[in-house]
Amino acid sequence: MTLEVIECEEFKELSLRLGSLMENGELKIDERIASKGYLTATMAGGQIAFRTTRFVGTIPVTPKLAIKVTPRASIANLTYMMVRSGVIPTAISGFSRGYMPRFVAAANVEKIYGRSLLDGTKSIAKRGFMKAYVKNANAPPWRGRFMTSETVKRHASKGIRYRHEFDHSTLSPTVIENISLKEALKQVRQWHLANDKKNPIVKEIDAQLHDLWSVADWDGRRIDLVSELSRKVRRIPPQLAHYRDPLWAAFLILQSLLPEVGFDGFVKLDSLIIDVSKVFEAFIRRELADRLWRQGYSVEDGNKRPGNFFVDGGGFTVHPDIVIRKDGAIVALLDAKYKTEPKEQDRYEVLSFMDAMNVAVGGFVCPANGVDTSRYLGSTATGKKMFGLRYDLASRDADAEAQRFSENVVKMINSSHDFT
């Protein structure tokens, strides 16, 4: 069955005929996305209008239809942003898309691809684990299959009558493919025991490792196992096609890698769904924190350390995305807005943050749109100075862009309008 993939930008609307979503007379929306908020839907005139939200990725709608949501801002490397931000994407288990074999080191890969690996290994177990003839390194003498030609060549031709050659190979599931699955499952289990030990996946992995008891543990270097696996995973024969997806998942988990999400290719992996708004906010905060500390500034997440809205308490709090301090005092606030231009309501929000936290300097950071640049927006009657800063996500030199942006933030703190 051919899957139709329709491409659409974030926060855009896409109308589809109702008949294209029907199956056996019923409207059939994929259960994996029905209640996740990846898409919103309205119906009018025999059509369903899907509106994409802040999530980017290939989203299954029905067994025959998927929507590929692309970022509305031009982004050079979304995977790099995601890794730097520390935001964990969601993998839609059982729904794969093709990625190019280009990968980026990342944390928490066990959480992202653990379910895919486990379900794939379960599927393999039902069909039976592959086996191959493996030589026994410590085989007893005079056992095994007698090798006539080798015996003649090595011994009889040289006049040696009482020495013979035997083949001690046995049919065993201890092959690189199964060893890799087992080692990756053990790594996923360890991650969950350290970070989410009540997750029921732990018991499922224990049961699957029990089924793999006949596969020996890897006692060599991890780099050697990955090297062997990288050769095997690219040459899987058609009769073992059910090994392909779980082996790619194992390949990523063993090395803590994620695919570059912006490129389509032949590597089939669970589709990653990314909240780009959350990634953008955390990415900007990380880039500032890594650079401003050299000048004595500290960067905090106001969502984790909120301020009081009223000076006498009252239970109401404010949550600016980025709080910048120097010598313990707040010197500036920034709100990350993943949109081309902040709205009037956004300005009121930032002004309320600045007033509640008694800060004179604040503003927004938005993706560069090719038209507007970082600039001073104005000052209120009470002396609150507001700025609009831009970050070029399409820049090919990520380090240079981060440095340029951090310099602009320092200029904003010092009330300079000379932005680059």
Query raised in the report: Quick one: is the NZ or CZ of Arg97 closer than 6.0 Å to the six-membered ring centre of Tyr99, and within 45° of its axis?
Result: yes
Requested in this report: Measure the shortest side-chain to side-chain distance between Phe405 and Leu288 over non-hydrogen atoms and say whether it is less than 4.5 angstrom.
Outcome: yes
Report task. Carefully, step by step, assess Phe419 and Thr373 under the rule side-chain contact (heavy atoms from CB on, under 4.5 Å). Result -> CA-CA 8 Å; Phe419 297 118; Thr373 58; over 6 Å; no
Query raised in the report: What's the shortest heavy-atom distance between Ala73 and Leu393, and which atoms?
Result: CB-CD1, 4.5 Å
Query raised in the report: Is it true that a side-chain atom of Gln187 and a backbone atom of Ile253 form a donor plus acceptor pair closer than 3.5 Å?
Result: yes
Report summary line: To the nearest 0.5 Å, atom CZ of Phe353 lies from atom NE2 of His319 at 8.5 Å
Query raised in the report: Any Lys/Arg nitrogen of Lys268 or Asp245 sitting under 4.0 Å from an Asp/Glu carboxylate oxygen of the other?
Result: no
Query raised in the report: Is Arg347 salt-bridged to Asp335, cutoff N-O under 4.0 Å?
Result: no
Report task. Indicate the ring-plane relationship of Phe280 and Tyr338, choosing parallel, tilted or perpendicular according to the 30° and 60° boundaries. Result -> tilted
Query raised in the report: Would Glu341 and Arg390 pass as an ion pair if we require N to O under 4.0 Å?
Result: yes
Requested in this report: Run through Thr70, Leu78, Ile75 and flag the one making a side-chain contact (heavy atoms from CB on, under 4.5 Å) with Val56.
Outcome: Leu78
Query raised in the report: How many angstroms lie between atom NZ of Lys411 and atom OG of Ser406, to the nearest 0.5 angstrom?
Result: 10.5 Å
Report task. Please check if the side chain of Asn178 supplies one atom and the backbone of Val175 the other of a donor-acceptor pair under 3.5 Å. Result -> no
Requested in this report: Let me see the working for Arg231 and Ser227 under side-chain contact (heavy atoms from CB on, under 4.5 Å), right down to the final yes or no.
Outcome: CA-CA 7 Å; Arg231 287 194 289 269; Ser227 177; 3.4 Å; yes
Query - pair Val69-Phe55: side-chain heavy atoms closer than 4.5 Å - result: no
Check residues 197-204 and write down every donor-acceptor pair under 3.5 Å in which the side-chain atom is one partner and the other belongs to a residue at least two apart or another chain.
unit_1 : atom_1 : unit_2 : atom_2 : d
Asn199 : OD1    : Ile201 : N      : 3.0
Asn199 : ND2    : Asp196 : OD2    : 3.0
Glu204 : OE1    : Arg115 : NH1    : 3.1
Glu204 : OE1    : Lys122 : NZ     : 2.5
Glu204 : OE2    : Arg115 : NH2    : 3.0

Query - Minimal non-hydrogen separation, Pro89 against Ile274, with atom names - result: CB-CG1, 4.0 Å
Requested in this report: For the pair Glu300 and Lys304, find out whether any cationic side-chain nitrogen is under 4.0 Å from an anionic carboxylate oxygen.
Outcome: no
Query raised in the report: Does CG in Asp224 sit with more than 12 non-hydrogen atoms of other residues, nucleotides or ligands closer than 6.0 Å?
Result: yes
Requested in this report: Could you label the plane-to-plane angle of the Tyr376 and His417 rings as parallel, tilted or perpendicular, counting under 30° as parallel and over 60° as perpendicular?
Outcome: parallel
Requested in this report: Check the pair Phe283 / Val276 against side-chain contact (heavy atoms from CB on, under 4.5 Å), numbers first and verdict last.
Outcome: CA-CA 10 Å; Phe283 172 73; Val276 186; over 6 Å; no
Requested in this report: Measure the CZ-OG distance between Phe251 and Ser230 for me, rounded to the nearest 0.5 Å.
Outcome: 5.5 Å
Query raised in the report: Are any of the side-chain nitrogens in Asp301 or Arg285 under 4.0 Å away from the carboxylate oxygens of its partner?
Result: yes
Query raised in the report: About how many Å separate OH of Tyr243 and CD of Glu177, when rounded to the nearest 0.5 Å?
Result: 7.0 Å
**Report entry** Electrostatic pair Glu407-Arg404, nearest N-O below 4.0 angstrom
**Finding:** no
Query raised in the report: For Ser395 and Ala76, which heavy atoms make the closest approach, and how far apart are they?
Result: O-CB, 3.5 Å
Query raised in the report: Do Leu257 and Tyr113 have side-chain heavy atoms sitting under 4.5 Å apart?
Result: no
Query - Sub-4.5 Å side-chain heavy-atom contact between Gln403 and Asp399 - result: no
Query raised in the report: Does NZ belonging to Lys111 count more than 12 external heavy atoms closer than 6.0 Å?
Result: no
Query raised in the report: Can you tell me if NZ on Lys278 sees more than 12 non-hydrogen neighbours from other groups inside 6.0 Å?
Result: no
**Report entry** pair Thr52-Leu39: side-chain heavy atoms closer than 4.5 Å
**Finding:** yes
Query - Separation between CH2 of Trp191 and OG of Ser256, rounded to the nearest 0.5 Å - result: 11.5 Å
Query raised in the report: Does NZ belonging to Lys12 count more than 12 external heavy atoms closer than 6.0 Å?
Result: no
Query raised in the report: Just checking, any donor-acceptor pair under 3.5 angstrom between side chains of Asn195 and Glu110?
Result: no
Query - Student check: side-chain heavy atoms of Lys182 and Leu209 closer than 4.5 Å - result: yes
Report task. For Gln239, look at atom CD and say whether over 12 heavy atoms of other residues, nucleotides or ligands are found less than 6.0 Å away. Result -> yes
Requested in this report: Might you work through the side-chain contact (heavy atoms from CB on, under 4.5 Å) test for Leu333 and Val350, ending with a clear yes or no?
Outcome: CA-CA 8 Å; Leu333 301 177; Val350 171; 5.7 Å; no
Report summary line: Tightest non-hydrogen contact, residues Pro367 and Lys337, listed as CD-O, 3.4 Å
Requested in this report: Under the salt bridge (charged side-chain N to carboxylate O under 4.0 Å, His left out) rule, collect the residues that match up with Arg244, sequence neighbours excluded.
Outcome: none
Query raised in the report: Okay, side chain of His192, backbone of Val188: is any donor-acceptor separation there less than 3.5 Å?
Result: yes
Report summary line: To the nearest 0.5 Å, atom CG of Leu229 lies from atom CD of Gln255 at 8.0 Å
Requested in this report: Decide yes or no for Pro259 and Leu252: does some side-chain heavy atom of the first lie under 4.5 Å from some side-chain heavy atom of the second?
Outcome: yes
Query raised in the report: Closest approach of Gly94 and Asp270, non-hydrogen atoms and distance?
Result: N-OD1, 3.5 Å
Report summary line: Correct closest heavy-atom pair for Ile179 and Thr174 would be CD1-CG2, 3.8 Å
Query raised in the report: If you count the non-hydrogen atoms of other residues, nucleotides and ligands that lie under 6.0 Å from NZ in Lys232, is the total more than 12?
Result: no
**Report entry** Side chains of Leu185 and Leu212 in contact at under 4.5 Å (non-hydrogen atoms)
**Finding:** yes
